[in-house]
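Take a look at the structure set out below.
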Amino acid sequence: LPPPRTGRRMQVCQHAKDLILEIKHAKNIPSYNNDKMTKVSNETHQIYRDLMKKIRSANQDDLKDPSVTASIAVSNEIIQRNKRMALAYLYERVKRIEDVWW
């Protein structure tokens, strides 16, 4: 077995997860968390830029390598998950505002 990794592990989607937990545990409408939404957006854009760089630099043989295609697929799934969680956070806020308004 390889030795355990030392150092920090990359926590992808953590800010988006925090947003979901924040609104889930709030009884009313919490303040809009601009800081976390900005972090989710920045993380998503950075992963997208890295993904595009990886795709542009890959040649046809690289794209046949399962590790390269898996890396591309995982990056895409991270982007999609961040988007889904950010939209879920916003949708839940809208639902709560509508409930209070109407």
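Only this structure's heavy atoms are used, side chains among them; waters, hydrogens and symmetry mates stay out.
Arg93 CZ to Ser31 OG: the interatomic distance, rounded to the nearest 0.5 Å, is 7.5 Å. Interatomic distance, Glu22 CD to Glu92 CD, rounded to the nearest 0.5 Å: 12.0 Å. Leu19 CG to Asp35 CG: the interatomic distance, rounded to the nearest 0.5 Å, is 9.5 Å. Rounding to the nearest 0.5 angstrom, the gap separating the OG atom in Ser71 from the CG atom in Asn76 is 11.0 Å. The OG1 atom of Thr38 sits 8.5 Å away from the CG atom of Asn33 when rounded to the nearest 0.5 Å. Taken to the nearest 0.5 Å, the CD1 atom of Ile55 stands 5.0 Å off from the CE atom of Met52.
Residues Ile20 and Met85 come closest through the heavy atom pair CD1-O, 3.3 Å. Annotation for Thr69 and Leu63: closest pair CG2-O, 2.9 Å, computed over non-hydrogen atoms. Residue Ala16 comes nearest to Asn82 through the heavy atom pair CB-OD1, 3.5 Å, listed as atom of the first residue, atom of the second, then distance. Contact detail for Glu43 and Val12: the closest heavy-atom pair is OE2-CA, 3.3 Å. Taking each heavy atom of Leu51 and Ser75 in turn, the nearest pair found is CD1-CB, 3.9 Å. Here the closest heavy-atom approach between residue Arg96 and residue Pro30 is recorded as NH1-CD, 4.1 Å.
In this view, Asn28 satisfies the side-chain contact (heavy atoms from CB on, under 4.5 Å) rule with no residue, not counting sequence neighbours. Take Asp61 and apply the side-chain contact (heavy atoms from CB on, under 4.5 Å) test, not counting sequence neighbours, and it matches Asn59, Lys64. For Arg49, the side-chain contact (heavy atoms from CB on, under 4.5 Å) partners are His45, Gln46, not counting sequence neighbours.
The cluster map of Ile, Leu, Val, Met, Phe, Trp and Tyr, joined by side-chain heavy atoms under 4.5 Å apart, puts Ile23 and Leu21 in different clusters. Placement of Ile47 and Val68 within a single hydrophobic cluster is found when ILVMFWY residues are connected by side-chain heavy-atom separations under 4.5 Å, directly or transitively.
In summary, Lys54 and Asp50 do not engage in a salt bridge, as defined by a charged side-chain N under 4.0 Å from a carboxylate O. The pair Lys95-Glu98 does not meet the salt-bridge criterion, since no charged nitrogen lies less than 4.0 angstrom from a carboxylate oxygen. A salt bridge is absent between Glu77 and Arg81: the closest approach of a Lys/Arg side-chain nitrogen to an acidic carboxylate oxygen does not fall below 4.0 angstrom.
A distance-only check finds a donor-acceptor pair linking the side chain of Thr44 to the backbone of Val40 [under 3.5 Å].
Surrounding OH of Tyr32 are more than 12 heavy atoms belonging to other residues, nucleotides or ligands, all under 6.0 Å away.
The shortest distance between side-chain heavy atoms of Lys36 and Tyr89 does not fall below 4.5 Å.
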